[in-house]
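The structure under discussion appears below in the form of structure tokens.
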Amino acid sequence: NPDLSGDFGELMGWADKRRKLKVRANAETPLDTRTAVEFGAEGVGLCRTEHMFFEEERIPAVRTMILSNDETGRREALAKLLPMQRSDFEEIFHILGERPATIRLLDPPLHEFLPHTDEDIAGVAKASGLSAEELRRRAADLHESNPMLGHRGCRLGITYPEIYEMQARAIFEAAVNVSKEGKLKPVPEVMIPLVATHRELDILKKLVDETAKKVFAETGVTLDYMVGTMIELPRAALAAGEIAQAAEFFSFGTNDLTQTTLGISRDDAGKFLPAYSEKGIYEKDPFVTLDQEGVGELVKIAAERGRKTRGDIKLGICGEHGGDPASVEFCHRAGLDYVSCSPYRVPIARLAAAQAAIRGAKK
Ligand code: PEP
Ligand code: MG
């Protein structure tokens, strides 16, 4: 457990007085969320919801949902997931108290949800009533040769809107339930991943807004909430001015933005990047420290274009770079509002943000 008492706590207190950037954490489990709060995170900047679907009692329903080709089958599977997803969010809201939570709707490459073994297939066959042969055929149809550039992120929300509808419902019902207890008023920030064009966001924001409206009408409780998007594709960075019309916040997904800007797979980069570093091609691993002339330039362009459309747009970063001191300094200079990093890097980010502010003031 973090011990932020004594000298270390005092040092952190000095850092907090100087820094301009807020520091949030990437967390989706109660343990991570608690750790983040103990380390001084001022909220959750990225709650990745896909991991919640891999639990043993959930994954058969998820597979059934993906493989059912009729809406009724999908909705039945989702109805089983709704209460579990709702309690995930209630727990996170309780731990965070007044702190904000940015909850990202589903963003796995689809293949992670496909059945891999005969046992997986048998589980889905039982739940869906479809034959094993039919399920194998459907899974083969959904197979992709390049899943990270394929059917993931908001593309899933466009093709399977019931999934995002269920998740949005779970978020708003959880927020309403927590606010009914009378102590907290969560203001959920619903985040749409992997947007490339404002048209995707327009469709999905409408779906989220309509779901919020339904939940508020059903429960008689109305809450504030925000809808925003990740900027993690070069096209989205360039189209940020249009995207900001429907986005109240941007969170830079610099893991994917690095992958797609440099054209280097984030999963295999380690195979040749060390040789590149030796030759000074990239001074530092661009997946650790923001490539400032490339990816950073896109961050600056998107921030500028987003702000031009919506002066008060909230800007953050939630890729791994959010916990890297040189990247934190870049975010400070680019005028972002917050960085979000792994819970264990929160103290580093707090210090780095203060050092960036002090260096900036000296200059
Ligand atoms: C990112 O792409 O930077 C990001 C935070 O999303 P994920 O790592 O989940 O793709
Ligand atoms: Mg991403």
Side-chain angles (χ1 to χ4, degrees), residues 23-29 32 36 41 43-54 101-113 144 146-157 163-164 167 189-196 200-201 204 228-237 240 243 247 249-270 285-292 294-296 298-299 302-303 314-324 327-328 330-331 334 336-346 349:
V23 177
R24 295 195 187 187
N26 298 350
E28 58 264 351
T29 64
D32 277 354
V44 161
L46 173 62
C47 170
R48 290 179 166 102
T49 54
E50 47 276 7
H51 299 160
M52 295 165 171
F53 287 80
F54 290 111
T102 307
I103 299 172
R104 181 177 76 184
L105 303 187
L106 203 64
D107 172 32
L110 193 64
H111 74 101
E112 290 187 18
F113 285 145
E144 296 174 295
N146 213 340
M148 286 301 270
L149 294 178
H151 202 169
R152 60 176 282 229
C154 67
R155 298 162 194 171
L156 282 173
I163 304 179
Y164 274 17
Q167 290 196 290
E189 300 173 359
V190 182
M191 182 152 78
I192 314 289
L194 215 76
V195 159
E200 291 165 319
L201 187 62
L204 296 171
T229 184
M230 297 192 66
I231 299 288
E232 46 189 346
L233 297 175
R235 193 199 191 288
I243 292 175
F249 62 89
F250 286 165
S251 182
F252 291 97
T254 45
N255 305 328
D256 274 309
L257 193 57
T258 300
Q259 168 167 262
T260 49
T261 303
L262 306 184
I264 300 176
S265 159
R266 57 192 273 190
D267 301 316
D268 299 314
D285 180 338
F287 285 96
V288 175
T289 299
L290 211 63
D291 165 42
Q292 298 194 7
V295 180
L298 284 169
V299 169
K314 193 152 57 159
L315 301 174
I317 175 180
C318 62
E320 291 304 312
H321 304 87
D324 166 71
S327 311
V328 171
F330 173 85
C331 294
L336 302 195
D337 298 297
Y338 68 88
V339 296
S340 186
C341 56
S342 115
Y344 292 96
R345 295 189 77 82
V346 165

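Note that the coordinates shown come from a computational prediction; the quantities given were computed from them, not determined experimentally. Counting convention: from 1, in listed order, for ligands and their atoms alike.
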Should the pair Arg24-Glu189 be classified as a salt bridge under the 4.0 Å nitrogen-to-oxygen rule?
yes
Could you tell me whether Arg48 and Asp107 make a salt bridge, using a distance below 4.0 angstrom between a side-chain N and a carboxylate O?
no
Using a strict cut-off of 4.0 Å, indicate which atoms of ligand 1 neighbour a heavy atom of [X].
{"X": "Met230", "value": "4 (C), 5 (C), 6 (O)"}
{"X": "Arg266", "value": "2 (O), 7 (P), 8 (O), 10 (O)"}
{"X": "Cys318", "value": "5 (C)"}
{"X": "Gly253", "value": "1 (C), 2 (O), 3 (O)"}
{"X": "Leu46", "value": "5 (C)"}
{"X": "Arg152", "value": "10 (O)"}

Can you tell me how far [atom2] of [Y] sits from [atom1] of [X], rounded to the nearest 0.5 angstrom?
{"X": "Phe250", "Y": "Lys314", "atom1": "CZ", "atom2": "NZ", "answer": "14.0 Å"}
{"X": "Thr254", "Y": "Ile231", "atom1": "OG1", "atom2": "CD1", "answer": "12.5 Å"}
{"X": "Asp268", "Y": "Gln259", "atom1": "CG", "atom2": "CD", "answer": "9.0 Å"}

Answer yes or no: is there a donor N or O on one side and an acceptor on the other, between the side chain of [X] and the main chain of [Y], under 3.5 Å?
{"X": "Thr261", "Y": "Val295", "result": "no"}
{"X": "Thr229", "Y": "Ile192", "result": "yes"}
{"X": "His321", "Y": "Pro286", "result": "yes"}

Could you walk me through whether Leu106 and Phe113 pass the side chain to side chain contact (heavy atoms under 4.5 Å, CB included) test, one step at a time?
CA-CA 11 Å; Leu106 203 64; Phe113 285 145; 3.9 Å; yes
Would you please determine whether [X] falls within less than 4.0 Å of ligand 1 on a heavy-atom basis?
{"X": "Arg104", "value": "yes"}
{"X": "Met148", "value": "no"}
{"X": "Glu320", "value": "no"}
{"X": "His321", "value": "no"}

What protein N/O/S atoms are found closer than 2.8 Å to the Mg ion (ligand 2)?
Glu232 OE1, Asp256 OD2
Any idea which protein heavy atom is nearest atom 9 (O) of ligand 1, and the distance to it?
Arg48 NE, 2.7 Å
Got the closest protein heavy atom to atom 3 (O) of ligand 1, with its distance?
Asn255 N, 2.7 Å
Looking at Thr258, Asp256, Thr260, which hits side-chain hydrogen bond (donor to acceptor under 3.5 Å, both in side chains) with Arg266?
Asp256
Going by the angle between their ring planes, with limits at 30° and 60°, are His51 and Phe54 parallel, tilted or perpendicular?
tilted
Ligand 1 N/O within reach of Glu50 N/O, cut-off under 3.5 Å
no
Could you walk me through whether Leu336 and Ile317 pass the side chain to side chain contact (heavy atoms under 4.5 Å, CB included) test, one step at a time?
CA-CA 8 Å; Leu336 302 195; Ile317 175 180; 4.1 Å; yes
